[in-house]
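Everything quoted here is computed from the prediction, not taken from an experiment. For reference, positions follow the sequence shown, starting with 1.
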Amino acid sequence: MQNEFRLFIRAAGVYPDGLAIPEVSDGFDETLPPLPFGLIPVSFCTRQVPAGIYKASLYLEALEDIGQLYLFTGRKQLREVISMKCGQCLERVYYLSAAEVIPRFYEESYPVQHLFFTFCTRHPGAVRVKAKWEAAGKTRRIFLCGDSTVTDHASELPYHPGACYAAWGQTLPAFLKGEFAVENQAHCGLTTEAFRKEGHFDIVMRHIREGDICLMQFGHNDQKLPHLLADREYPDNLRRFIREIREAGACPVLVTPLGRNIWDEDRKYLDLLEDYAQAVCEVAEAEQVPWIDLHAFSVEFICRNGQERSCCYFHPGDYTHTNEYGACVFGSYVAKRLAGLFPETLKTREEMGDFVPPDGLWDKLGLHGRKSRAENQREQFDNMEKSTAELVRVIREAKEEGMAGNGGVT
């Protein structure tokens with residue numbers, strides 16, 4: 001049938017329409033160094049579809065017992081982590097957004113012309129799948145604007161929840177119920193300034209409609225530039241976003257920046273984003289905008305667990321970017337707060353249950369932080385997060401330069 005999903009065959013980097021770009025495909029990147037372990041992703045895609053919102057209806061049948069089955073849609077947006085008994089059948093309905101995107105390492109936008117869903121398990125032949133799609137034009141979108149702590153990260157093959165990069169934005173759909181589609185336009189290395197200048201906000205404004213919701217979380221990269229400090233242009237940029245989103249009839253929601261797992265030499269937590277979290281709160285109150293204090297929640301979570309245990313929720317060798325475990329912790333929190341802000345249209349999902357990493361995960365995986373393959377400002381910012389000493393130095397220098405340019409007034 002014309003509206004059925006078909007099996008997506010990977011062949012030496014060949015993607016639909018010749019685009020070997022994970023952001024316009026299923027979010028699994030075979031050009032990354034492969035992991036020596038993990039689950040096998042099996043993806044399905046549609047024929048070409050125009051930009052819009054779609055309803056995907058999935059039917060899954062287990063042909064053997066399955067301990068863990070990960071379900072994703074789009075470019076690796078998590079939907080569920082489930083187990084199934086042999087012979088068990090499940091039906092699911094998901095809403096997907098198709099729009100253009102400016103992929104990482106690219107400057108121009110590319111249309112997302114296919115809908116994807118993916119399952120990951122140890123034995124791909126253990127699941128029988130049937131799926132179809134239809135247009136769902138009146139469905140609301142939840143737009144996400146931000147940096148690498150929000151974006152839809154691509155994953156290596158095979159897939160491992162502790163070894164992949166994942167951000168809270170791409171796990172948000174797993175913890176919300178309702179007729180909505182998540183459109184994640186966040187990308188690595190972006191600031192409040194770059195998100196606008198590089199065209200990402202233009203994409204949001206082309207597609208946002210009355211009644212949509214737009215979440216914004218920035219700060220990790222703004223703090224590396226003196227003119228984007230928390231008391232300089234950063235709050236001004238947030239206010240401009242808010243004004244334009246409201247003019248489109250949509251609802252802006254501010255999110256305070258996710259805390260890093262960074263501690264000083266005396267083993268005391270080093271909060272490098274406290275002033276940005278405070279700036280977000282002040283803008284939200286002044287503009288009467290709903291806001292979610294992810295910063296306070298994440299810092300409390302990290303301090304309660306301690307640095308070593310908290311590492312299990314971050315990508316190996318990285319103290320800023322989460323893995324799937326951390327993305328689920330923080331995505332779940334944002335989902336609960338978002339449902340509280342919009343109870344008439346959004347509900348939380350609790351079916352995920354406990355999704356907890358084992359102790360000593362980094363040692364068990366034996367992996368190290370991944371190097372970027374580009375040297376533009378965004379990638380330098382991204383790589384900087386993997387060296388805590390370099391990160392602290394750059395942030396302190398930006399503050400000193402900002403104070404000097406502001407007559408020494410903070």
Side-chain angles (χ1 to χ4, degrees), residues 7-45 70-79 96 98 100-121 124 144 147-171 182 184-190 200 314-318 320-327 365 367-376 378-379 381-383 385-386:
L7 184 65
F8 173 49
I9 306 297
R10 302 177 196 279
V14 177
Y15 284 70
D17 308 319
L19 294 176
I21 304 175
E23 286 95 329
V24 299
S25 183
D26 64 347
F28 289 86
D29 189 351
E30 58 189 340
T31 69
L32 295 174
L35 294 174
F37 45 73
L39 309 178
I40 306 301
V42 179
S43 296
F44 299 80
C45 69
Y70 293 77
L71 294 177
F72 302 94
T73 58
R75 47 184 179 268
K76 196 184 159 288
Q77 289 187 357
L78 183 66
R79 295 290 182 161
L96 286 69
E100 64 268 38
V101 65
I102 301 174
R104 189 176 184 183
F105 309 118
Y106 292 80
E107 295 182 358
E108 66 272 29
S109 66
Y110 290 82
V112 175
Q113 297 179 311
H114 301 264
L115 309 176
F116 283 84
F117 84 87
T118 303
F119 71 82
C120 293
T121 186
L144 303 181
D147 53 33
S148 56
T149 62
V150 186
T151 190
D152 291 345
H153 285 279
S155 176
E156 304 93 335
L157 287 88
Y159 164 79
H160 190 288
C164 71
Y165 284 98
W168 66 258
Q170 67 191 117
T171 65
V182 173
N184 195 345
Q185 288 291 334
H187 294 280
C188 297
L190 293 182
H200 306 283
F314 288 80
H315 187 275
D318 195 306
T320 297
H321 302 105
T322 51
N323 56 23
E324 205 80 70
Y325 295 109
L365 293 174
L367 300 174
H368 301 286
R370 194 167 59 196
K371 292 290 184 182
S372 172
R373 61 184 178 183
E375 291 303 325
N376 59 33
R378 286 178 297 163
E379 303 313 318
F381 281 173
D382 199 29
N383 283 336
E385 302 287 354
K386 300 172 179 62

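With a 4.5 Å cut-off on side-chain heavy atoms, D318 and N323 do not count as touching. A heavy-atom distance below 4.5 Å is not found between the side chains of L96 and Q77. Looking at heavy atoms from C-beta onward, L157 lies in side-chain contact with P41 at the 4.5 angstrom threshold. In this structure, the side chains of E107 and I102 stay at 4.5 Å or more apart for every pair of heavy atoms. When side chains are defined from C-beta on, F28 counts as touching K76, because their heavy atoms get closer than 4.5 Å.
Listed for the T322 side chain is a donor-acceptor partner under 3.5 Å among the backbone atoms of A166. Judged purely by atom type and a 3.5 angstrom limit, T171 uses its side chain to pair as donor or acceptor with the backbone of A327. Side chain of T73 to main chain of F117: no donor-acceptor pair is present (N/O by atom type, distance under 3.5 Å, no hydrogens or angles).
In this structure, F119 has no ring pair (Phe, Tyr, Trp, His ring centres under 6.0 Å) partners at least two apart in sequence or on a different chain. Not a single side-chain hydrogen bond (donor to acceptor under 3.5 Å, both in side chains) links Y325 to another residue, sequence neighbours left out. With sequence neighbours excluded, no residue forms a salt bridge (Lys or Arg N to Asp or Glu O under 4.0 Å) with R79. Not counting sequence neighbours, the partners of Y159 by the ring pair (Phe, Tyr, Trp, His ring centres under 6.0 Å) test are Y70, F72. Q170 is linked by a side-chain hydrogen bond (donor to acceptor under 3.5 Å, both in side chains) to nothing, counting only residues two or more places apart in sequence or in another chain. A search for side chain to side chain contact (heavy atoms under 4.5 Å, CB included) contacts involving P34 returns nothing, not counting sequence neighbours.
Y165 OH to H315 NE2: the interatomic distance, rounded to the nearest 0.5 Å, is 4.5 Å. Rounding to the nearest 0.5 Å gives a distance of 10.5 Å between CD of E23 and NE2 of H153. Separation of atoms NE2 (H160) and CG (L39) is listed at 7.5 Å; rounding is to 0.5 Å. Taking CG of D152 as the start and CG of N184 as the end, the distance is 4.0 Å to the nearest 0.5 Å. With values rounded to the nearest 0.5 angstrom, L32 atom CG is found 11.0 Å from C164 atom SG. One distance of note links CZ of R104 with SG of C188; it measures 4.0 Å at 0.5 Å rounding.
No donor-acceptor contact under 3.5 angstrom links the side chains of E108 and Y106, judged on distance only.
Nearest heavy atom pair, residue W168 against residue T149, reads CD1-O, 3.1 Å. For the pair V24 and F116, the tightest heavy-atom approach, listed with the atom from each and the gap, is O-CE1, 4.0 Å. Here the shortest heavy-atom pairing between S148 and H321 reads OG-NE2, 2.6 Å. The two residues D29 and A154 make their nearest non-hydrogen contact at CB-CB, 4.0 Å. The shortest heavy-atom contact between L7 and S43 is CD1-O, 3.6 Å. Closest heavy-atom contact between E100 and Q185: O-NE2, 2.9 Å.
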